[in-house]
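Have a look at the structure below, then the notes.
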Amino acid sequence: MENGAARTAQPVIVAIDGPSGTGKSSTSKAVAAQLGLSYLDTGAQYRAITWWMVTNGIDTEDPSAVAAVAGKPEIVSGTDPAHPTITVDGVDVSGPIRTPEITAKVSAVSAVPEVRARITELQRSLAASAKNGIVVEGRDIGTTVLPDADVKIFLTASPEARAARRSGELKGVDVEATREALIKRDAADSSRKTSPLAKAEDAIEVDTTDLTLAQVVECVITLIEEKRAAK
Ligand SMILES: Nc1ncnc2c1ncn2[C@@H]1O[C@H](COP(=O)(O)OP(=O)(O)OP(=O)(O)O)[C@@H](O)[C@H]1O
Ligand SMILES: Nc1ccn([C@H]2C[C@H](O)[C@@H](COP(=O)(O)O)O2)c(=O)n1
């Protein structure tokens, strides 16, 4: 952290949004680590509340049922980019929130306005308390959660590249099925009424299709440093 902290003079708030598999988590973690910033994976928070709904037998397709209990779970995110953590009511859910069942149900739960209000409040409070600044990644960070962020990035990549990356992670999973699932989740996340997946007007779009992860990280760090130098 010391080297990173030396590269960062003032607190900086960085919003990184984009569809699934564009490299938001990998890029955000690396940028935060290199610049000595905190890191927040907001998708993990929506997955965590979805895990709680499923574990407690709530019908995730029933928005009123989800809304009625949205305030119940206590979700705590650890923001060290070298060791991000997520707990629900004190239980470490970092593994269980990545199952195909939770992935299939998270878009419906995260579309419920009461869920978004609860999670957005948590996100703003974590960003406000990050001493050196923070990289926050998700779908609506630049548009809704932190509209005054110092730097806003919107990552994109072709569905084929994203599916290939995801299939590489999940050995034996069919690329075409992965591509279809990604497109379906993006469509649900982009079409919901409350703070949909969208590029903020003042966000810089970075197409990562033909870039390595290291190139994307360097590009984002350059954009942050340019913005800081211009301040
Ligand atoms: N530029 C890149 N080139 C090749 N692979 C990459 C690149 N960026 C990320 N990856 C790989 O793609 C996969 C998905 O990346 P990551 O989880 O960071 O995406 P994401 O946008 O956060 O996805 P999600 O929104 O679904 O959580 C990971 O295996 C990661 O290592
Ligand atoms: N700011 C955010 C972040 C995530 N979500 C929802 C929509 C995603 O499909 C889901 C899981 O995110 P991932 O772990 O794939 O990044 O969470 C959202 O609505 N807003």
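Atoms within each ligand, like the ligands themselves, are counted from 1 in listed order.
Of the heavy atoms in Q123, none comes closer than 4.0 Å to ligand 2. The proximity of E137 to ligand 2, defined as any non-hydrogen pair under 4.0 Å, does not occur for either the backbone or the side chain. At a heavy-atom distance under 4.0 Å, atoms from both the backbone and the side chain of D140 approach ligand 2.
Counting only heavy atoms of the protein, atom 5 (N) of ligand 2 lies nearest to Y46 CD1, 3.6 Å. For atom 15 (O) of ligand 2, the nearest non-hydrogen atom of the protein is R185 NH1, 2.9 Å. Of all protein heavy atoms, the one closest to atom 14 (O) of ligand 2 is R47 NE, 2.7 Å. At the shortest separation from atom 8 (C) of ligand 2 among protein heavy atoms lies D189 OD2, 3.3 Å.
Those atoms of ligand 2 with a heavy atom of S107 less than 4.0 angstrom away are 9 (O). For ligand 2, the atoms lying closer than 4.0 Å to a non-hydrogen atom of G138 are 1 (N), 3 (C). Each of the following atoms of ligand 2 lies closer than 4.0 Å to a heavy atom of S110: 6 (C), 7 (C), 19 (O). Counting the atoms of ligand 2 from 1 in the order shown, those under 4.0 Å from a heavy atom of R192 are 18 (C), 19 (O), 20 (N).
Residue D41 places no N or O, backbone or side chain, under 3.5 Å from any N or O of ligand 2. Checked against a 3.5 angstrom limit, the closest N/O atoms of S20 and ligand 2 fall outside it.
D17 places a side-chain N or O within 3.5 Å of a backbone atom of D140 that can act as its donor or acceptor partner.
The residues K227 and D202 are annotated as not salt-bridged, no charged nitrogen and carboxylate oxygen being separated by less than 4.0 angstrom.
Using a 4.0 Å cutoff on heavy atoms, R98 counts as a contact of ligand 2. Ligand 2 lies out of reach of Q45, whose nearest heavy atom is not under 4.0 Å from it.
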Got a list of side-chain donor-acceptor pairs under 3.5 Å for residues 62-75, not counting sequence neighbours?
unit_1 : atom_1 : unit_2 : atom_2 : d
D62    : OD1    : S64    : N      : 3.1
D62    : OD1    : A65    : N      : 3.2

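When heavy-atom distances to ligand 1 are checked against 4.0 Å, the residues falling inside are P19, S20, G21, T22, G23, K24, S25, S26, R139, R165, R166, E169, R185, L211, T212, L213, V216, ordered by chain and number.
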Checking side-chain contact (heavy atoms from CB on, under 4.5 Å) for the pair R118/Q45: CA distance, chi angles, key distance, verdict?
CA-CA 10 Å; R118 174 89 201 292; Q45 296 176 310; over 6 Å; no
What do the steps show when you test R47 against S110 for side-chain hydrogen bond (donor to acceptor under 3.5 Å, both in side chains), and what is the final call?
CA-CA 8 Å; R47 288 171 179 273; S110 61; over 6 Å; no
Pair T144, R139 - check side-chain hydrogen bond (donor to acceptor under 3.5 Å, both in side chains), show working.
CA-CA 9 Å; T144 304; R139 304 293 191 289; over 6 Å; no
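Side-chain polar atoms of T208 and R165 form a donor-acceptor pair below 3.5 angstrom. With 3.5 Å as the limit, one finds no donor-acceptor pair spanning the side chains of R162 and T209. Residues R179 and S158 have side chains that never bring a donor and an acceptor to within less than 3.5 angstrom of each other.
If you take CG on D41 and OG on S25, they are separated by 4.5 Å, rounding to the nearest 0.5 Å.
Few gaps surround CG on N56; more than 12 heavy atoms of other groups in view lie less than 6.0 Å from it. Heavy atoms of other residues, nucleotides or ligands lying less than 6.0 angstrom from CD of E176 number more than 12. More than 12 heavy atoms of other residues, nucleotides or ligands shown are found within 6.0 angstrom of CD on E160.
The closest heavy-atom contact to atom 3 (C) of ligand 2, among the options D17, I97, T42, comes from T42. Nearest to atom 12 (O) of ligand 2 by heavy-atom distance, out of S195, A188, G43, is G43. Around atom 19 (O) of ligand 2, the closest heavy atom drawn from R116, R139, K24 belongs to R116.
Side-chain contact between I86 and V76 is absent, with no heavy-atom pair separated by less than 4.5 Å. Here the side chains of V109 and W51 are not in contact, with every heavy-atom distance at 4.5 Å or above.
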